[in-house]
S.K.: 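The structure that follows is given in the form of structure tokens.
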Amino acid sequence: MNYKACLFDLDGVLVDTAIYHFQAWKNLGKKFNYELTEEQNEQLKGVSRVESLNKILAWANYTASETQKNAWLVEKNEEYLRLISNMNPSEILPGVIDFLTQIKALGYQIALGSASKNAEIILEKTGLISWFDLIIDGNKVSQSKPDPEVFLKGAEGLGVAPEACIVFEDAQAGVEAAKAGNMRAIGIGEAETLALADKIIPNFVGVNAVDLLQF
Ligand code: G6P
Ligand code: MG
């Protein structure tokens, strides 16, 4: 197969914003006396804002009105925006720029496929935005990962067949989305959480793109 495009998740792949999401959700949980754990936060990776709140409320066994939920979603995001307001290029994960440099030189198209509605702000603050030919974020999709919509829209927007796309993901839901879209999936992180991925690497440090993108 002649692969033509690399589609990247944002949070946990290019930058580590999971810590900021965790902090903001944890603080919100205090409103209904719920202490969110790190294991639970792992399950929120790749999951949209509204679905994350629904999951947390279910874990807490707490029923909230739609009005209350909407207010909490705004509150959570306001805190998250405060937490990411000082993000800068130093928060790009190790090896990422070197890897992007390699794939650009190899002629791959590069797209973002993220559930986050804040993706562009983060790409701008970290200076990553100029690497991307296309950005598909949470504002452009109606279905959350593991639905493949975000990656299929990426492939379509780049004019590339899904089978010619390679997805980089740190979340189980994201790997499932890539596979559901008939794409190759490279998991970034630990084998236990990313069992469905075609390949798994701990991070991009020292990665040779030609070797990694060989299937
Ligand atoms: C990413 C993160 C999730 C987050 C989602 C929505 O997928 O991994 O933890 O809930 O984006 O982010 P947002 O910035 O729109 O609240
Ligand atoms: Mg992620």
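Side chains are part of it too, since the values below use all heavy atoms of this structure and drop only hydrogens, waters and symmetry mates. Just so you know, ligand 1 is whichever comes first in the structure, and atom 1 is the first atom listed for that ligand.
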S.K.: If the plane angle is over 60° it's perpendicular, under 30° parallel, otherwise tilted; pick one for Tyr62 and Trp72.
M.R.: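 If you compare the ring of Tyr62 with that of Trp72, the planes turn out tilted.
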S.K.: Inspect the contact between Glu66 and Lys69 and indicate whether a charged nitrogen and a carboxylate oxygen are less than 4.0 angstrom apart.
M.R.: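 Yes, Lys69 and Glu66 are salt-bridged.
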S.K.: Heavy-atom pairs closer than 4.0 Å: do any link ligand 1 to the side chain of Val47, the backbone, both, or neither?
M.R.: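 Just the backbone.
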S.K.: I need the atoms of ligand 1 closer than 4.0 Å to a non-hydrogen atom of Lys117, numbered in the order shown.
M.R.: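 Near Lys117, the atoms of ligand 1 are 13 (P), 14 (O), 15 (O).
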S.K.: Evaluate side-chain hydrogen bond (donor to acceptor under 3.5 Å, both in side chains) for Glu39 paired with Gln43, printing each intermediate quantity in order.
M.R.: CA-CA 7 Å; Glu39 290 71 40; Gln43 294 177 51; over 6 Å; no
S.K.: Would you call the rings of Tyr80 and His21 parallel, tilted or perpendicular, where under 30° means parallel and over 60° means perpendicular?
M.R.: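 Correct class here is parallel.
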S.K.: Going hydrophobic residue to hydrophobic residue with side-chain gaps under 4.5 angstrom, can you get from Leu123 over to Tyr108?
M.R.: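 The answer is yes; both residues are in one hydrophobic cluster.
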S.K.: Please give me the minimum heavy-atom distance between Lys199 and Asp211, naming the atom from each residue.
M.R.: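 That would be NZ-O, 3.4 Å.
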S.K.: Are Lys76 and Glu79 within salt-bridge range, i.e. N to O under 4.0 Å?
M.R.: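 No.
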S.K.: Does any N or O atom in Ser116 lie less than 3.5 angstrom from one in ligand 1, N or O only?
M.R.: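 Yes; at least one N/O pair falls below 3.5 Å.
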S.K.: Which atom name would you report as the N, O or S atom of Asp170 nearest the Mg ion (ligand 2)?
M.R.: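 For Asp170, the N/O/S atom sitting closest to the Mg ion (ligand 2) is OD1.
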S.K.: Report the atom name of the nearest N/O/S atom of Asp11 relative to the Mg ion (ligand 2).
M.R.: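 Atom name returned: O.
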S.K.: Any N or O of Asn118 that comes nearer than 3.5 Å to an N or O of ligand 1?
M.R.: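 Yes, at least one N or O pair falls under 3.5 Å.
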S.K.: Who's the nearest protein heavy-atom neighbour of atom 2 (C) of ligand 1, and how far?
M.R.: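 For atom 2 (C) of ligand 1, the nearest protein heavy atom is Asp11 OD2, 3.2 Å.
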S.K.: Counting only heavy atoms closer than 4.0 Å, does ligand 1 sit against the backbone of Leu44, its side chain, both, or neither?
M.R.: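 Within the 4.0 Å criterion, Leu44 contacts ligand 1 through backbone atoms alone.
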S.K.: Closer than 4.0 angstrom, basic N to acidic O: yes or no for Asp9 and Lys45?
M.R.: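 Here Asp9 does not pair with Lys45 in a salt bridge, since their nearest N and O are not under 4.0 Å apart.
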S.K.: Looking at ligand 1, would Ser52 count as a contact under a 4.0 Å heavy-atom criterion?
M.R.: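 Yes, Ser52 has a heavy atom closer than 4.0 Å to ligand 1.
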S.K.: When you measure from atom 16 (O) of ligand 1 to every protein heavy atom, which one gives the shortest distance, and what is it?
M.R.: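 The closest heavy atom on the protein side is Arg49 NE, 2.8 Å.
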S.K.: Which atoms from ligand 1 have a heavy atom of Lys45 less than 4.0 Å away?
M.R.: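 Those qualifying, in numeric order: 8 (O).
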S.K.: Tell me, which N, O or S atom in Asp9 is closest to the Mg ion (ligand 2)?
M.R.: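 Considering only N, O and S atoms, Asp9 comes nearest to the Mg ion (ligand 2) through OD2.
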S.K.: Hey, can you tell me if Phe8 and Phe132 have their rings parallel, tilted or perpendicular (30° and 60° cut-offs)?
M.R.: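 The arrangement is perpendicular - the two ring planes meet at more than 60°.
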S.K.: Run the contact test for Gly46 against ligand 1 with a 4.0 Å cut-off on heavy atoms, strictly below, and give the result.
M.R.: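 So Gly46 counts as touching ligand 1.
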